[in-house]
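Some notes on the structure that comes next.
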Amino acid sequence: MAEMAANGEEPEILFWVGCAGAFDDRYKRVTRAFVQILEHVGIKYAVLGTEESCTGDPAKRAGNEFLFQMQALTNIEVLNGYNIKKIVTACPHCFNTLKNEYPDLGGNYEVIHHSTYLQQLINEGKVRVAKGESFQGRRITFHDSCYLGRANDIYEAPRDVLAALDADLVEMKRSRANGLCCGAGGAQMFKEPEPGKKDVNIERTEEALAVLGTGDSVIATACPFCMVMMTDGVKNKEQEEKVKVFDIAELIAQAEGLSR
Amino acid sequence: MFKIESIIFIIIAGLGIGLFIWQIRKIRKNILMGRDTDLVDNPSERINKTLLVAFGQQKMFKRMLPAVLHLFVYVGFLVINIEVIEILIDGVFGTHRAFGFLGGLYSALMFINEILAALVIVACVMFLWRRNVTKVPRLASGVEMRAWPKMDANTILVIEIVLMLALFTFNIAGLKLVQLEGGEVAGSYPISQMFVNIFGSNPESLHVIERAGWWFHIIGILAFMNYLPSSKHFHIIMAFPNVYYSKLLPKGKFTTNPAITHEIKAMLDPSYQPPAPETDADGNPIVQRFGAKDVEDLTWKQLMDAYTCTECGRCTSVCPANITGKLLSPRKIIMDTRDRVEEKGESPVIFDPAKYGKDAGTERVKTTEEERTLLRGYITPEELWACTTCNACTESCPVNIDQVSTIMDLRRYLVLEESAAPASLNAMFTNIENNGAPWAFSPSDRFNWAEELYVPK
């Protein structure tokens with residue numbers, strides 16, 4: 001972004017990578033897939049690179065309002081400094097925080113989650129979901145992220161994106177507004193679960209496995225934390241050979257023949 | 001001009017209504033213990049929501065069987081109340097079926113009334129069955145479902161059945177009397193017609209039965225009304241304002257504390273002048289805790305939530321933490337809030353849940369006197385830290401209670417005032433402070449992913 005600004009250019013969109021997208025080895029692959037899609041459609045985009053910092057979401061959900069606002073005010077200064085208007089992010093937690101909580105602190109942007117953005121690209125015909133791996137008939141179930149679904153009422157965009165794959169889409173028993181959390185929200189990602197009889201991600205994975213049948217199948221996610229939790233759940237159930245966990249951007253990139 | 005019967009009626013009704021108003025004032029005072037919050041924006045959207053969710057029972061229909069049964073009782077309550085107005089008029093003026101002049105409309109009203117009254121009985125019997133025989137888990141189990149909440153629910157259902165039976169008693173006896181006299185029946189009574197002969201055909205005893213049923217019904221209603229403020233059944237009133245004042249913003253948007261914003265801005269820029277703090281009536285600045293330790297730190301809407309809760313347990317039954325055996329139960333958070341409000345403020349008139357049944361005097365959490373606040377005295381940190389803020393509870397609540405906001409405010413107190421977060425979360429805070437990421441990675445490595453990426457130019 002700094003480079004673009006130095007050249008006096010303004011991007012159409014700012015891709016907010018997020019901490020998981022920048023540091024988590026598994027989720028870097030999602031960042032890569034999404035960037036490949038952005039390159040593929042030829043949109044003028046930018047990233048903040050090292051100038052990006054945590055949105056403060058985990059601090060806020062853990063009750064540390066002070067740290068959250070420190071992060072938010074610093075990020076807003078950077079974003080406003082570059083005159084950013086439109087932000088796309090693959091993380092529902094960043095999305096929710098940037099979209100809903102930054103305006104109170106002086107950060108007003110059009111914030112779009114990558115599921116909605118991919119839906120737009122498919123609808124506009126910019127991504128045709130061809131030339132790549134075929135998912136025809138593969139059984140896929142979408143796991144709703146709480147911060148995308150209930151928190152922001154986005155249920156259909158990721159499903160529309162998956163529908164373009166012509167796969168065998170199945171719904172879990174609890175889906176959309178009734179979807180069950182993966183167990184990582186509210187800063188649970190960064191702590192051990194409280195004592196109980198089961199971990200939430202195991203409960204959710206069992207539910208997914210129940211509808212996925214016996215063939216090769218996919219649990220599709222649209223959130224870095226859900227991805228970790230579902231992947232761990234599948235491993236715990238020793239189903240990782242058969243059941244893969246992918247972000248919707250990875251599936252689209254694969255179907256478009258972009259990913260290596 | 002008034003008959004002695006009318007005078008007795010006026011005294012009883014006056015006492016009943018007066019006592020009810022006195023109790024409502026206590027509850028109003030309790031709710032206003034909460035902090036102020038501005039919820040008057042968007043009246044049209046709020047009215048829409050109230051019509052859909054409260055009047056229209058929209059969210060009840062996520063579960064079909066209880067929704068239909070509840071609808072019987074709810075519509076029965078609304079329509080039968082029209083007859084209660086008639087009873088009040090009859091009672092005061094000594095008239096008999098004062099709305100009879102409405103003719104066909106009255107017939108239709110009485111007809112619907114009887115059908116609904118029968119459906120109310122059916123529904124209440126099934127509700128009793130679900131609670132006590134099949135023991136639907138969300139109604140029958142959970143630490144918060146102590147002796148009083150269970151007794152309360154059964155009491156309500158039994159009272160409703162008895163009230164409906166009283167209604168039928170005076171309808172049947174009245175109908176038989178008119179038929180014996182060969183007069184014209186005001187209204188149409190399909191159910192009573194079926195049982196018209198059960199009280200025999202002695203006009204004198206029929207008259208006594210008719211009057212007894214009538215008096216029992218109206219005194220029963222007045223008594224039940226005064227039971228409401230002590231009961232979960234208070235939701236029949238509170239559901240409407242509570243939905244009206246419910247959150248219109250996306251569920252993911254949590255509140256921002258402007259006091260903290262001023263503090264940070266002053267820290268970053270020494271020339272920043274924060275606005276003068278708000279003052280109370282005597283001009284002393286109001287010092288507010290960060291987050292909530294006790295009920296007065298919550299907003300009045302959060303306290304209103306507590307008075308609206310009907311303890312149905314839908315929130316708890318969809319809570320991922322509760323489903324997987326953690327201590328957290330969103331219903332308990334709300335019930336605890338109500339119990340604490342009544343411990344600290346005005347206590348209920350009819351019953352004090354704390355003094356009832358085998359749980360009387362047993363505290364849920366053992367604490368010292370000064371720790372007897374909502375946080376720790378009722379709700380433990382372990383419960384609060386189990387929440388994933390997934391909003392399944394708020395989504396499921398038929399009366400738009402916001403459990404997450406109360407959980408969050410209690411968490412904020414733990415972190416901001418006590419620095420009492422779990423160690424792993426403190427580590428996460430430190431990482432964000434130092435590295436700008438919740439994990440221990442160097443901020444200078446943040447862009448490394450791009451080097452690993454082959455970007456075709």
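We name chains A, B, ... by the order of the sequence lines, and we start the count at 1 in each one.
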query = Would A:Phe23 and B:Trp449 count as a ring-ring contact (aromatic ring centres under 6.0 Å, His included) if you check the C-alpha gap in whole Å, the side-chain angles of each, and the deciding distance to 0.1 Å?
reply = CA-CA 8 Å; A:Phe23 293 120; B:Trp449 59 267; over 10 Å; no

Is it true that a side-chain atom of [X] and a backbone atom of [Y] form a donor plus acceptor pair closer than 3.5 Å?
{"X": "B:Thr389", "Y": "A:Gly186", "result": "yes"}
{"X": "B:Arg446", "Y": "A:Glu52", "result": "yes"}
{"X": "A:Lys197", "Y": "B:Thr324", "result": "no"}
{"X": "A:Gln69", "Y": "B:Ile264", "result": "no"}

inquiry  = Tell me which of these, A:Gly49, A:Ala20, A:Gly149, A:Ala151, has more heavy-atom pairs under 4.5 Å with chain B than the rest.
reply    =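 Ranked by contacts with chain B, first place is A:Ala151.
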
task = Go through the atoms of B:Glu383 and report whether side chain, backbone, both or neither lie under 4.5 Å from a heavy atom of chain A.
result =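 Answer is neither: B:Glu383 stays 4.5 Å or more from chain A.
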
task = Under 4.5 Å heavy-atom distance to chain A, tell me which part of B:Trp385 shows up: side chain, backbone, both or neither.
result =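 Both the backbone and the side chain of B:Trp385 come within 4.5 Å of chain A.
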
message = Heavy-atom cut-off 4.5 Å, strictly under: side chain, backbone, both or neither for A:Asp57 against chain B?
response =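 The answer is neither part of A:Asp57.
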
request  = Side chain from CB out, backbone as N, CA, C, O: work out which of these in A:Lys28 comes under 4.5 Å of a heavy atom of chain B, or both, or neither.
outcome  =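 A:Lys28 touches chain B through side-chain heavy atoms alone.
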
request  = Describe, in one word, how the ring planes of B:Trp439 and A:Phe225 are oriented to each other, choosing from parallel (under 30°), tilted (30 to 60°) and perpendicular (over 60°).
outcome  =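 If you compare the ring of B:Trp439 with that of A:Phe225, the planes turn out perpendicular.
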
request  = For the residue pair A:Glu65 and B:Thr261, establish whether any side-chain heavy-atom pair is separated by less than 4.5 Å.
outcome  =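 They are not in side-chain contact.
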
task = Give the minimum heavy-atom separation between B:Arg411 and A:Gln188, together with the two atoms involved.
result =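 Smallest interatomic distance, heavy atoms only, reads NH2-NE2, 3.7 Å.
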
